[in-house]
Amino acid sequence: MFERPYIVGNWKMHGTRAMLSEARAIDRGAERLMKVEVALAPPFTLIHATRKEAGLIGVGAQDCHPAEGGAHTGDISAAMLKDSGAGFVIVGHSERRADHGETDADVKAKAEAALAVGLNAIVCVGETEADRDAGKAEAVVARQLDGSLPQGESAAAKVTVAYEPVWAIGTGRTPTVEDIGAMHCAIRQRLNAIYGEDGAAIRILYGGSVKPENAAELLGADEVGGALVGGASLTAESFLGIVAAAHEALEA
Ligand code: 13P
């Protein structure tokens, strides 16, 4: 595992102000587990309040529009996210790729828009079950990386990659530790090819059915630098269980 693992909670379309108490509890719990970098990506409507309630952890968004502004009803620009207190944005999540038809080129444009205003970007990639069954998982992920990663000076320093096999999201199923390690090593090679020596420092998160019970095992796979957590990030109890597992793995 990386020196300082990064554990990010993606609240997806969950959360009203009543959930700020969970964010506060996560923030307080993270204070005891400082060897781990902790962050939450609540829905847009809670970013500002989460930033105010939680002073220690990172706070980010789940998507942004690639344009600086304009006639895009209902969309949110990277600059607006920054203004509301976000420090990063998740782009290219498989749910956005599926629900909104986002292409690799769209994802890249969003990531570059984020970097341009000083946000970090978590770029998501991952194969479907059909891709894996057809033996195409690594090829699909390599293509997504080539098409989705932002270019430009010092881009590598602001990027995190999240590998989330689509079939493992919200299903309770996970790849084996060997499969995760093999994919993360393949991603590392691709990052080195794309970014040269800067590729070595990019953290690669695993996401898909991470829970307190399996976190230590999954985080122990080769080249895993942390986790992107959906369902288990919605309560402080389960999310801090994952953070604690990462913390303990570092001490072991
Ligand atoms: P689950 O942890 O609910 O499987 O979701 C993973 C995910 O999609 C995080 O972005």
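Just so you know, ligand 1 is whichever comes first in the structure, and atom 1 is the first atom listed for that ligand.
Within a 6.0 Å radius of CZ in R173, more than 12 heavy atoms belonging to other residues, nucleotides or ligands are found. K52 NZ: 12 or fewer foreign heavy atoms inside a 6.0 Å radius.
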Between side-chain atoms of residues 20-28 and protein atoms elsewhere (two or more places apart, or another chain), which donor-acceptor pairs fall under 3.5 Å?
{"from": "S21", "atom 1": "OG", "to": "A18", "atom 2": "O", "distance (Å)": "3.3"}
{"from": "E22", "atom 1": "OE1", "to": "A236", "atom 2": "N", "distance (Å)": "2.7"}
{"from": "R24", "atom 1": "NH1", "to": "E53", "atom 2": "OE1", "distance (Å)": "2.4"}
{"from": "D27", "atom 1": "OD1", "to": "L56", "atom 2": "N", "distance (Å)": "2.9"}
{"from": "D27", "atom 1": "OD1", "to": "I57", "atom 2": "N", "distance (Å)": "2.9"}
{"from": "D27", "atom 1": "OD2", "to": "G55", "atom 2": "N", "distance (Å)": "3.1"}
{"from": "D27", "atom 1": "OD2", "to": "L56", "atom 2": "N", "distance (Å)": "3.4"}

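Note: an N/O pair closer than 3.5 Å links K12 and ligand 1 by distance alone. Between G170 and ligand 1, a contact under 3.5 Å exists for at least one N or O pair. The shortest N/O to N/O separation between G230 and ligand 1 falls below 3.5 Å.
Atoms of ligand 1 lying under 4.0 Å from any heavy atom of G231, numbered from 1 in the order shown and given with element: 1 (P), 2 (O), 3 (O). Shown in contact with S209 at under 4.0 Å from a heavy atom are these atoms of ligand 1, numbered in order with element: 1 (P), 2 (O), 4 (O). Applying the 4.0 Å criterion to heavy atoms of G208 picks out, from ligand 1, the atoms 4 (O), 6 (C). Ligand 1 places these atoms under 4.0 Å from at least one heavy atom of L228: 9 (C), 10 (O).
A side-chain hydrogen bond (donor to acceptor under 3.5 Å, both in side chains) with R203 is found for exactly one of E3, E37, E223, namely E37. Under the side-chain hydrogen bond (donor to acceptor under 3.5 Å, both in side chains) test applied with E127, the options R132, K136, Q144 reduce to a single match, R132.
Of all protein heavy atoms, the one closest to atom 7 (C) of ligand 1 is E164 OE2, 3.1 Å.
No donor-acceptor distance shorter than 3.5 angstrom exists from the side chain of H100 to the backbone of E102, with no hydrogens or angles considered.
The aromatic rings of Y6 and F88 sit perpendicular, their planes meeting at an angle over 60°, well past the 30° parallel limit.
The side chain of N10, and not its backbone, has at least one atom closer than 4.0 Å to an atom of ligand 1 (non-hydrogen atoms only; side chain from C-beta on).
For atom 8 (O) of ligand 1, the nearest non-hydrogen atom from the set H93, E95, Q62 comes from H93.
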